[in-house]
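Quick note: residue numbers are just sequence positions, from 1.
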Amino acid sequence: MDEIKNGLTLVFTGDGKGKTTSALGLALRAFGRKLRVLILQFIKGGKDSGELYALQKLSKIGKTSDDVGQIELRQLGEGFTRRGTKKEEDHKKAAAEALKQAEIAITRDEWDMVILDEILYAAKFGLIPENDIINLIDKKKGNIHLVLTGRNASEAIIEKADLVSDIKCVKHPFEKGIAAKAGIEF
Ligand code: ATP
Ligand code: MG
C-alpha cells in the first residue's frame with residue numbers, strides 16, 4: 001500500500017490522559033492493516049496492565065494468522081516515579097537498555113511501527129539524554145512509523161515530528177480523589 005511506505009514520526013504529549021492509549025489505538029489499527037508493531041515501554045515495568053494482557057493474546061494471533069500483522073509489547077522500565085524507592089541508577093540502566101532496543105528496532109526491517117511509550121517522560125526526568133531521542137528520529141529507517149509519548153515534548157522534538165497532538169487535561173477523576181481503575185488507567 002503506497003500510503004504506508006513513508007514512515008511518520010508521531011508525538012502524543014500534554015498533561016491530559018490519552019497519550020499511551022492513543023498510541024495503543026494506532027497500534028491496533030496498524031496491526032489490523034498487517035503492519036508489524038513493536039511497543040517499548042520506557043517507564044512501566046509493573047507487568048499488570050490491560051494492554052499487556054490484550055497484546056499477549058493479539059501477539060499469538062499475529063504469529064499464526066496472515067490476515068493481521070504482528071504485535072509485541074515489552075515493558076522495559078522499572079516503574080520510575082519521583083518518589084519511588086528504586087535507585088536512579090537502576091532506572092537509568094533500564095532506560096539505556098530500552099533505548100538500545102529502540103535503536104535496533106528502528107534501523108532494521110523487523111517492524112513497521114515502533115512505539116516508544118513514555119520516552120519523553122524518561123528524558124524529562126534525566127533518565128536518558130534528550131539528544132538520544134533526536135538521534136533516534138534521525139536514524140529511523142524511512143518506511144517505519146515512529147511514535148513517541150510522554151508529557152513535555154521539547155521544542156526540538158516537536159520540530160522534528162510530522163504529527164504532534166498536545167492532549168490537554170480539562171478534568172481528571174484523580175482531582176476528585178477517585179482512584180485509578182483497571183480497564184481505564186491500567
Ligand atoms: P493513558 O495511559 O491513560 O493514555 P497517559 O499516557 O496520557 O494516559 P501518563 O502521563 O502516561 O498518561 O500517565 C499515566 C497515568 O496517569 C494514567 O493512569 C493516567 O490516567 C494518569 N493521568 C494522566 N493525565 C492525568 C492528569 N491530568 N491528572 C491525573 N492523572 C493523570
Ligand atoms: Mg502514558
Side-chain angles (χ1 to χ4, degrees), residues 8-32 37-59 71-88 90-92 94-95 98-99 101-102 113-130 132-134 136-137 145-186:
L8 299 172
T9 297
L10 306 99
V11 172
F12 297 115
T13 191
D15 66 356
K17 172 174 158 59
K19 298 172 288 294
T20 297
T21 44
S22 290
L24 291 170
L26 269 187
L28 189 67
R29 181 174 282 166
F31 176 73
V37 183
L38 176 68
I39 304 155
L40 303 181
Q41 294 196 308
F42 275 66
I43 301 290
K44 285 176 196 129
K47 312 285 178 206
D48 181 34
S49 76
E51 56 265 42
L52 178 66
Y53 302 137
L55 290 173
Q56 282 170 342
K57 300 254 155 119
L58 279 187
S59 176
I71 200 155
E72 186 178 328
L73 171 69
R74 301 181 197 154
Q75 292 186 318
L76 302 172
E78 294 280 346
F80 178 81
T81 61
R82 266 175 292 190
R83 284 183 226 108
T85 49
K86 279 204 176 163
K87 278 195 248 140
E88 177 149 348
D90 294 335
H91 293 299
K92 281 191 174 162
L99 207 53
Q101 293 195 28
M113 177 182 283
V114 177
I115 296 174
L116 306 179
D117 186 38
E118 313 289 5
I119 190 172
L120 304 177
Y121 187 74
K124 178 181 188 302
F125 289 104
L127 303 181
I128 55 171
E130 191 198 277
D132 287 6
I133 303 179
I134 308 275
L136 278 182
I137 300 173
H145 299 298
L146 177 64
V147 183
L148 311 174
T149 85
R151 293 180 187 204
N152 304 93
S154 70
E155 277 307 316
I157 288 167
I158 290 171
E159 180 72 24
K160 286 248 163 218
D162 300 297
L163 177 150
V164 180
S165 287
D166 187 358
I167 300 170
K168 181 180 156 203
C169 179
V170 176
K171 265 184 168 183
H172 195 290
F174 283 11
E175 292 157 17
K176 286 196 275 188
I178 298 172
K181 288 189 196 310
I184 301 288
E185 253 82 40
F186 61 93

Shortest non-hydrogen pair, Thr13 vs Gly150, comes out as OG1-O, 2.8 Å

Given side chains that start at C-beta, do those of Leu24 and Leu55 come closer than 4.5 Å, heavy atoms only? yes

I'd like to check the salt bridge (charged side-chain N to carboxylate O under 4.0 Å, His left out) partners of Lys92; sequence neighbours left out, ordered by chain and number. Glu88

Restricting to non-hydrogen atoms, name the atom on Ala179 and the atom on Phe174 that form the minimum distance, rounded to 0.1 Å. C-CE1, 4.1 Å

Leu146 and its side chain to side chain contact (heavy atoms under 4.5 Å, CB included) partner, picked from Ile137, Ile133, Leu8: Ile137

Could you go step by step and tell me if Phe125 and Ile43 meet the side chain to side chain contact (heavy atoms under 4.5 Å, CB included) rule? CA-CA 11 Å; Phe125 289 104; Ile43 301 290; over 6 Å; no

When you compare the side chain of Leu148 with that of Leu136, does any pair of heavy atoms fall below 4.5 Å? no

Distance from Ile115 atom CD1 to Ile39 atom CD1, nearest 0.5 Å? 4.5 Å

Which of Glu72, His145, Met113 passes side chain to side chain contact (heavy atoms under 4.5 Å, CB included) with Val37? It is Met113

Do any pairs count as a salt bridge (Lys or Arg N to Asp or Glu O under 4.0 Å) and have a residue in residues 10-25, sequence neighbours left out, and if so which ones? none

Where do Gln75 and Lys44 come nearest, in terms of heavy atoms and distance? CB-O, 3.5 Å

Heavy-atom pair of closest approach, residues Val147 and Ala23: CG1-CB, 4.0 Å

Who passes side-chain contact (heavy atoms from CB on, under 4.5 Å) against Arg29, sequence neighbours left out? none

CG of Leu76 to CD of Gln41: how many Å apart, nearest 0.5 Å? 8.5 Å

Given side chain to side chain donor-acceptor pair (under 3.5 Å), test Tyr121 with Asn152 step by step and report yes or no. CA-CA 7 Å; Tyr121 187 74; Asn152 304 93; over 6 Å; no

Straight-line distance of Asp117 CG to Thr149 OG1, nearest 0.5 Å: 3.5 Å

Just wondering, more than 12 heavy atoms not from Ile184 lying within 6.0 Å of its CD1? no

Where is the tightest heavy-atom contact between Phe42 and Ala95, given as atom of each residue plus distance? CE2-O, 3.9 Å

Leu99 and side chain to side chain contact (heavy atoms under 4.5 Å, CB included): which partner among Leu40, Leu116, Asp132, Leu127? Asp132

Sequence neighbours excluded, the answer for side chain to side chain donor-acceptor pair (under 3.5 Å) partners of Arg151 is none

Determine which pairs satisfy salt bridge (Lys or Arg N to Asp or Glu O under 4.0 Å) with at least one residue from residues 166-179, sequence neighbours left out, and list them in order. none

Which atom pair, heavy atoms only, marks the closest approach of Phe186 to Asp48? CD1-O, 3.8 Å

Check whether any side-chain heavy atom of Thr20 sits under 4.5 Å from a side-chain heavy atom of Glu51, and report yes or no. yes

Which atom pairs, donor and acceptor, lie under 3.5 Å between side-chain atoms of residues 154-161 and protein residues at least two apart or in another chain?
from   : atom 1 : to     : atom 2 : distance (Å)
Ser154 : OG     : Glu130 : OE1    : 3.0
Ser154 : OG     : Glu130 : OE2    : 3.1
Ser154 : OG     : Ile157 : N      : 3.3
Lys160 : NZ     : Asp138 : OD1    : 2.6

With no hydrogens and no angle check, is any side-chain donor or acceptor of Ser59 less than 3.5 Å from a backbone partner on Ile71? yes

